[in-house]
> 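Okay, here's the structure, questions in a sec.
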Amino acid sequence: MFSMSAVVFVCLCLITKPLVGTEGRRTCPRSCRSDKDCGGKRQCLCDSECGLSCVVPGRTCPWPLSLSENSKARLLSPTPSFSALLEVRCKPGFTLANGLDATIRRCQGDRQWSGDEPICTEVKSPELPDVRTCPLPQQVINTFSIHGDASAGTSIRYSCLSGADIVGRQENFCQFNQTWQYPHPTCKEMLCQPPKEVEQGYVVAVQKTEYEVGFDIHYLCKKNFLLDGPQKITCLSNGSWSAAPPHCRARCVIPAERSRVVIGGVKRWPFDVTDALVPHGENVTFFCKHPRKQCSFTASQICFDGKLETPPCYLEPTWLQYKLFPHRLVSEIEVCEPGDVE
Ligand SMILES: *[C@@H]1O[C@H](CO)[C@@H](O)[C@H](O)[C@H]1NC(C)=O
Ligand SMILES: *[C@@H]1O[C@H](CO)[C@@H](O)[C@H](O)[C@H]1NC(C)=O
Ligand SMILES: *[C@@H]1O[C@H](CO)[C@@H](O)[C@H](O)[C@H]1NC(C)=O
């Protein structure tokens, strides 16, 4: 039986024999025709490309192999001895130089695993076609709206984000060596026009015919006027002011004399209020008489820039009513019940 299978090996070995020499690194044990040609424990066995060779069948190849990051080795035979098979499989995403993800190595008569040390390399994802572009510095991106993708061989158009005119070429060409054909343009520096004057206000700044970007104008109001709006406005890069100038709002004369009113939650006689004036924005509550009942209800008005009117329901008491019957003044009588006021 053994000699029969040996014959089969002989044939396979002879066929593969011409390959000897193509594997640079392996050394072939002494070749033989039968066990008689080999000494001691050696047997005449087929050692693949080496053909029939004198080998010690029990001798083993290195195992386990030194760890590899990108591959896993698995012994396919019970022991790593002569003719044992070893599978080296690349981790997912990695392949061998020949594009396959696994290889089989055989334990040779020279106690080495067949073939070259398998090296698994990362599979390069199919990359997008190499889009070459010309650089656009942040400064340029911040200054312009750019029409075009800056890829090599194409043109872009600039427009100033500020809306200003362009100084330089409005169009540029991205050359194949990824440089721009022309220098980037610039935007004409915008200036702010003098803002509208503020009545009853002061500008705390040197008056100019034009103001440069970043210039601040501070406002103050004349005495007794209230600032309504920003205290400061800034010249923006697009030549606009950061806000409309403020207003200086006048105080209002309380349009009642012989009735008490509620100002800031306090019921007072107008003559007790300094100059009988309330500031802009003040809510003044007046007392009106119920059309049928002897009780009062309230109506409020807001002082707006010097204008404060009495509510339509308010009736100014006469001098006589005020002098003779101060306790019967509408502002002094009982307040109507909530149900009384429709
Ligand atoms: C890029 O190409 C242009 C025209 O082909 C050439 O004038 C320029 O000198 C080149 N620039 C660089 C940095 O190679
Ligand atoms: C200027 O820029 C400001 C803020 O970015 C914006 O609110 C304003 O509308 C711009 N003015 C003009 C004239 O474009
Ligand atoms: C004014 O004050 C009165 C009383 O506090 C209140 O009812 C009214 O809503 C206020 N009016 C405004 C416009 O704030």
Side-chain angles (χ1 to χ4, degrees), residues 130 132-137 141-145 150-156 158-166 169 171-184 187-196 210-217 226 228-230 232-246 249 251-252 254-256 259-268 270 273 277-288 290 295-314 330-331 335-338 340-342:
D130 182 21
R132 296 162 70 78
T133 58
C134 286
L136 281 174
I141 291 166
N142 291 346
T143 311
F144 298 98
S145 150
S151 59
T154 68
S155 291
I156 60 162
Y158 306 83
S159 48
C160 294
L161 286 172
S162 63
D165 290 336
I166 283 187
R169 289 177 172 272
E171 208 168 295
N172 210 339
F173 180 73
C174 176
Q175 302 173 122
F176 291 96
N177 59 11
Q178 294 179 268
T179 60
W180 293 106
Q181 189 175 3
Y182 308 109
H184 295 292
C187 292
K188 200 184 259 176
E189 175 83 45
M190 298 286 272
L191 293 169
C192 289
Q193 297 306 305
K196 207 169 70 198
E210 281 181 319
Y211 297 85
E212 58 273 24
V213 171
F215 194 96
D216 286 337
I217 291 183
L226 191 79
D228 179 13
K232 179 188 90 172
I233 63 171
T234 306
C235 177
L236 302 179
S237 57
N238 61 5
S240 300
W241 290 99
S242 59
R249 306 291 194 185
R251 298 188 295 177
C252 299
I254 300 166
S259 275
R260 286 204 289 172
V261 291
V262 180
I263 300 164
V266 182
K267 197 170 175 182
R268 319 173 66 174
V273 177
L277 289 166
V278 289
H280 166 77
E282 187 71 75
N283 180 347
V284 178
T285 302
F286 298 82
F287 292 88
C288 299
H290 190 282
C295 63
S296 71
F297 63 95
T298 59
S300 297
Q301 294 286 90
I302 307 284
C303 161
F304 190 92
D305 197 14
K307 284 187 268 305
L308 176 63
E309 287 176 0
T310 53
C313 64
Y314 177 79
V330 173
S331 68
V335 174
C336 303
E337 297 291 322
D340 292 340
V341 189
E342 52 271 356

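Order of appearance sets the numbers: ligands from 1, and atoms from 1 within every ligand.
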> Can a side-chain donor-acceptor contact be found between Ser300 and Thr285 if the only test is distance below 3.5 angstrom?
yes

> Counting only heavy atoms not in Glu309, do more than 12 fall under 6.0 Å of its CD?
no

> Is atom 2 (O) of ligand 3 touching the protein, meaning some protein heavy atom lies under 4.0 Å away?
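Yes, because at least one protein heavy atom sits under 4.0 Å from atom 2 (O) of ligand 3.
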
> Output yes when a protein non-hydrogen atom is found under 4.0 Å of atom 11 (N) of ligand 3, and no otherwise.
yes

> What protein heavy atom sits nearest atom 4 (C) of ligand 1, and how far off is it?
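Atom 4 (C) of ligand 1 sits closest to the protein heavy atom Gln175 OE1, 3.5 Å.
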
> Less than 4.0 Å from atom 7 (O) of ligand 1, is there any heavy atom belonging to the protein?
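For atom 7 (O) of ligand 1 the answer is no, since every protein heavy atom stays at 4.0 Å or beyond.
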
> If you have a sec, work out which protein heavy atom is nearest atom 13 (C) of ligand 3 and how many Å separate them, to one decimal?
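The closest one turns out to be Ile302 CD1, 3.5 Å.
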
> Counting non-hydrogen protein atoms only, what is the nearest one to atom 14 (O) of ligand 2? Give residue, atom name and distance.
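Looking only at protein heavy atoms, the one closest to atom 14 (O) of ligand 2 is Asn238 ND2, 3.4 Å.
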
> Which atoms from ligand 3 have a heavy atom of Ser300 less than 4.0 Å away?
1 (C), 2 (O), 3 (C)

> Looking only at protein heavy atoms, which one is nearest to atom 5 (O) of ligand 3, and what is the separation?
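Its nearest protein heavy-atom neighbour is Asn283 ND2, 4.8 Å.
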
> Which residue owns the protein heavy atom closest to atom 9 (O) of ligand 1, what's the atom, and how far is it?
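Of every protein heavy atom, Asn177 ND2, 4.8 Å lies nearest to atom 9 (O) of ligand 1.
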
> Between Phe215 and Tyr211, what is the ring plane arrangement, given parallel below 30°, perpendicular above 60°, and tilted in between?
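Ring orientation of Phe215 relative to Tyr211: tilted.
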
> Could you walk me through whether Ile217 and Trp241 pass the side-chain contact (heavy atoms from CB on, under 4.5 Å) check?
CA-CA 10 Å; Ile217 291 183; Trp241 290 99; 3.6 Å; yes

> Do Ser259 and Tyr314 get their side chains close enough for a donor-acceptor pair, meaning under 3.5 Å?
yes

> Would Val273 and Ile263 count as a side-chain contact (heavy atoms from CB on, under 4.5 Å) here? Give the steps.
CA-CA 9 Å; Val273 177; Ile263 300 164; 3.9 Å; yes

> Assess whether side-chain contact (heavy atoms from CB on, under 4.5 Å) is satisfied between Val262 and Phe287, documenting all intermediate values.
CA-CA 9 Å; Val262 180; Phe287 292 88; 3.7 Å; yes

